[in-house]
Amino acid sequence: MLNKDVYDVIVIGAGHAGCEAALASARRGFSTMLITISLDKIAYMSCNPAIGGLAKGSLVKDLDALGGEMGRNIDATFIQFQLLNQSKGVAARSSRAQADKYKYSERMKKTLFSTDNLSIKQAIVSDILVNDRGVYGIKTLSDEEYCAKKIIITTGTFLNGKIFVGDKSYEGGRMNDIASTHLVSSLNSLGFEPIRLKTGTPARVDKRSIDFNKVEAYKKESIRRGFSFETDILDDDKIDCFITYTSEKTHKVVRDNTYRSLYFNNKDKALGPRYCPSMEDKVSKFPDRERHLIVLEEEGIDSNEIYINGFSSSLPIDAQLTAYRTIIGLERAEFIRPAYAIEYIAYQPTILKKSYETKLIDGLYFAGQINGTSGYEEAAVQGFMAAINATLSIEGKEPFILKRDESYIGVMTDDLTTKGVDEPYRIFSSRAEYRMRLREDNAEVRLLNYGKYFGLISDKRYRRYLEDCTVVSNTIERLRNTKIRITDKNIVDIISKYNIMLGESITAYDFLKRPKASYSILEEMSLVDTLSSQLKERIWIEIFYEGYIKKEEQEIAKSNKLEFIRIPQDIDYGKVSGLRLEQVEKLKKISPENLGQALRISGMTHNAISMLEIAIEKFKKA
């Protein structure tokens, strides 16, 4: 049954990738349909109900600067905030907030339903409709057909999802949610080759069964800044999170019952995330560890569910419960939901262009866990980027590709499309060469102009941003010309209070380069204007880290020379002198756009790149 409406963009799946994709497309003025298996699970937090984390916080800040929704959504629904690595340098710091998972989902759902140009439907997509290697629509399991110019698939763990608990397994995209099985057949028939990946989630324990007198509360954070730049300081935390530990008793229960896990003992099991192993993996791989950290995190203000962070498992439920009850504070634990493992279908992201459009089918885009990634944040930015590029393609414009020195989004995109995955991919600050530039605090400076160009940043916000830039520039110049005179008793008293050593009169600019110095101290001296916390931090960072920032900019300029040497798409790598067969095969498979991307392919060397550069010059002259 063909629906007569033709959409500009159809988004399949309403998880975190699908929500950002649908909003970006519709807000840009393109007719958009978001189709999902369950309207009740829009933006649902299947695992840990938290946003942010190491490098993930930067992804969310960057998404906010581009005009995405995730930052605003978590600021409105958080219940506890943390600034990770607060004692370290600014490049290592990252925001993380525990969400009320139910309010988070409800707010995002309300946002979607109130967005112009966006139609939302509940159905199971069974087929991608293709004509001459280009998409023209989708077909549902109930034989409805919808036409579209572009299609974005954001199916999370639902593609042939299979759940494991003990010796039982069954189909499911999440526990108690049906899997998407027909769509995999459609994609496979189009030439896509699936891979299987795995993730897992801990049990949810009834809050009333936990003895909180035996566990330790997390320390409150002194800096509490929103994920969105439209939020300054967040409200106080609504709840506490707590920490406890496993013991040798816990590990013994796990070891004694591992043989009962169908998933753990499967020789052909899919690869799970290295950085988030199950308790079975922890006990097996780290037999000498006496204990493992467990974090107790609430899932919502009005919920009794406690997320047992650090104890995912595929053991039988009785063994899980026995093991949980060996943990301090959980001796009388009662499950609301058990832990489980899940396998699902993904596709190697090397089949993607950097725009997230597939190389096989024109107009078809993949975003989120279908690309082998994990995490709400990674999924959200992929959905956003896919939608931006889908709509730019409709307009006949060049794709929007962020570079590695512009955003962690660029780092992730390049990693995925250049290297592929052998386990669920997670962003880390260590993956970025230019962490000093990719800080959380300067996301607007790096990216807001893009968001404005796409029409996703309001005039009011953009005016505020320009005013902020003027204030920062003028203030820094003023600091260069303002002397701190140690003959002033008031200033001497303030300096002594903060134990800052000054041998002679210096400028306020040089003062901020001193350890323990801050803009707030200059405010106390009445030498500067009172500013927002965000602007004070931005000014201090630009001054205190000036040398590091300049050094990194020089490295970026040097590296970017390779990024500007484009590789002709019809070059014959087999005829390039000096390349090994393995290198030729990888170059053909990935088809890098420039020498910088080619260098980042596993197995490539600087000598190989030099040979390739010579071949490109000969190719151009031919």
Side-chain angles (χ1 to χ4, degrees), residues 55 57-58 61-62 64-65 81-95 221-234 429 434-448 464-486 488 490-553:
S58 292
K61 296 263 189 174
D62 288 358
D64 175 74
F81 176 82
Q82 296 170 275
L83 183 63
L84 306 178
N85 289 339
Q86 189 171 329
S87 62
K88 296 184 178 181
V90 292
R93 295 177 189 172
S94 197
S95 301
E221 300 294 343
S222 58
I223 299 176
R224 310 174 47 75
R225 188 156 300 125
F227 281 87
S228 174
F229 286 84
E230 295 179 273
T231 308
D232 188 14
I233 300 299
L234 293 171
S429 55
Y434 310 117
R435 294 184 287 278
M436 199 64 215
R437 172 175 281 193
L438 308 184
R439 309 183 311 270
E440 284 192 0
D441 67 278
N442 69 346
E444 282 196 326
V445 177
R446 290 181 281 110
L447 302 172
L448 196 76
R464 188 270 304 158
Y465 163 72
L466 293 177
E467 290 169 1
D468 286 350
C469 289
T470 300
V471 168
V472 169
S473 176
N474 291 344
T475 301
I476 289 177
E477 186 61 30
R478 178 181 172 183
L479 291 171
R480 292 181 186 276
N481 298 301
T482 299
K483 287 282 189 178
I484 298 178
R485 305 190 183 281
I486 59 173
D488 187 316
N490 179 53
I491 289 178
V492 171
D493 290 343
I494 293 172
I495 291 173
S496 299
K497 181 172 69 173
Y498 292 101
N499 197 27
I500 299 174
M501 300 297 295
L502 292 182
E504 57 185 24
S505 296
I506 62 172
T507 64
Y509 185 92
D510 288 331
F511 172 78
L512 287 182
K513 290 180 177 289
R514 299 291 180 93
K516 302 180 183 178
S518 70
Y519 189 93
S520 295
I521 296 176
L522 293 177
E523 285 181 326
E524 198 173 337
M525 295 176 184
S526 302
L527 295 176
V528 291
D529 295 331
T530 300
L531 300 176
S532 71
S533 61
Q534 289 185 356
L535 291 185
K536 286 192 286 189
E537 181 181 54
R538 183 170 153 190
I539 290 167
W540 172 76
I541 289 173
E542 287 195 23
I543 295 172
F544 187 81
Y545 290 95
E546 179 184 29
Y548 294 98
I549 293 172
K550 285 184 177 179
K551 182 179 178 181
E552 195 166 271
E553 287 174 348

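Note that this is a predicted model, so its numbers are computed, not measured.
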Under a 3.5 Å distance rule, please check whether Asn85 uses its side chain to pair with a backbone N or O of Ala92 as donor and acceptor.
yes
Surrounding OH of Tyr548 (heavy atoms of other residues, nucleotides or ligands, distance under 6.0 Å), is the total greater than 12?
no
Residues forming a side chain to side chain donor-acceptor pair (under 3.5 Å) with Asn490, sequence neighbours excluded
none
Not counting sequence neighbours, which residues clear ring pair (Phe, Tyr, Trp, His ring centres under 6.0 Å) with Phe544? List them please.
Trp540
I'd like to check the side chain to side chain donor-acceptor pair (under 3.5 Å) partners of Ser228; sequence neighbours left out, ordered by chain and number.
Asp64
Sorted by chain and residue number, the side chain to side chain contact (heavy atoms under 4.5 Å, CB included) partners of Ser95 (sequence neighbours excluded) come out as Lys61, Phe81, Leu83, Phe227, Glu440
Could you give me the CA-CA distance, side-chain angles and deciding distance for Ile541 and Arg538, then say whether side-chain contact (heavy atoms from CB on, under 4.5 Å) is met?
CA-CA 5 Å; Ile541 289 173; Arg538 183 170 153 190; over 6 Å; no
Run the side chain to side chain contact (heavy atoms under 4.5 Å, CB included) test against Lys513 and tell me which residues pass, sequence neighbours left out.
Tyr509, Asp510, Ile543, Glu546
Residues which pass side chain to side chain donor-acceptor pair (under 3.5 Å) with Arg439, listed by chain and number, not counting sequence neighbours
Asp441
By side chain to side chain donor-acceptor pair (under 3.5 Å), which residues pair with Thr231, not counting sequence neighbours?
Asp75
Where Thr507 and Leu479 come nearest, the two heavy atoms and their spacing
CB-O, 3.8 Å
Please evaluate residues Phe229 and Arg464 with respect to the criterion side-chain contact (heavy atoms from CB on, under 4.5 Å), reporting the C-alpha separation (whole Å), side-chain torsions for both, the decisive distance (0.1 Å), and the verdict.
CA-CA 10 Å; Phe229 286 84; Arg464 188 270 304 158; 4.1 Å; yes
Mark yes or no for whether Thr475, through its side chain, and Val471, through its backbone, hold a donor-acceptor pair below 3.5 Å.
yes
Looking at every heavy atom in both Ile491 and Arg485, which two are closest together, and how far apart are they?
CD1-O, 3.9 Å
Partners meeting side chain to side chain contact (heavy atoms under 4.5 Å, CB included) with Asn474 (sequence neighbours left out):
Thr470
Applying side chain to side chain contact (heavy atoms under 4.5 Å, CB included) to Glu477 and not counting sequence neighbours gives Arg480, Asn481
Counterpart residues, salt bridge (Lys or Arg N to Asp or Glu O under 4.0 Å), relative to Arg437 (two or more places apart):
Asp405
May I ask you to decide if Ala65's main-chain N or O and Glu444's side chain share a donor-acceptor pair within less than 3.5 Å?
no
Could you note down all residue pairs passing side chain to side chain donor-acceptor pair (under 3.5 Å) where residues 522-533 supplies at least one of them, sequence neighbours left out?
Arg225-Ser533, Asp232-Ser533, Arg478-Asp529, Lys497-Glu524, Tyr498-Glu524, Glu523-Lys536
Nearest heavy-atom approach of Ser58 to Ser94 is N-OG, 4.2 Å
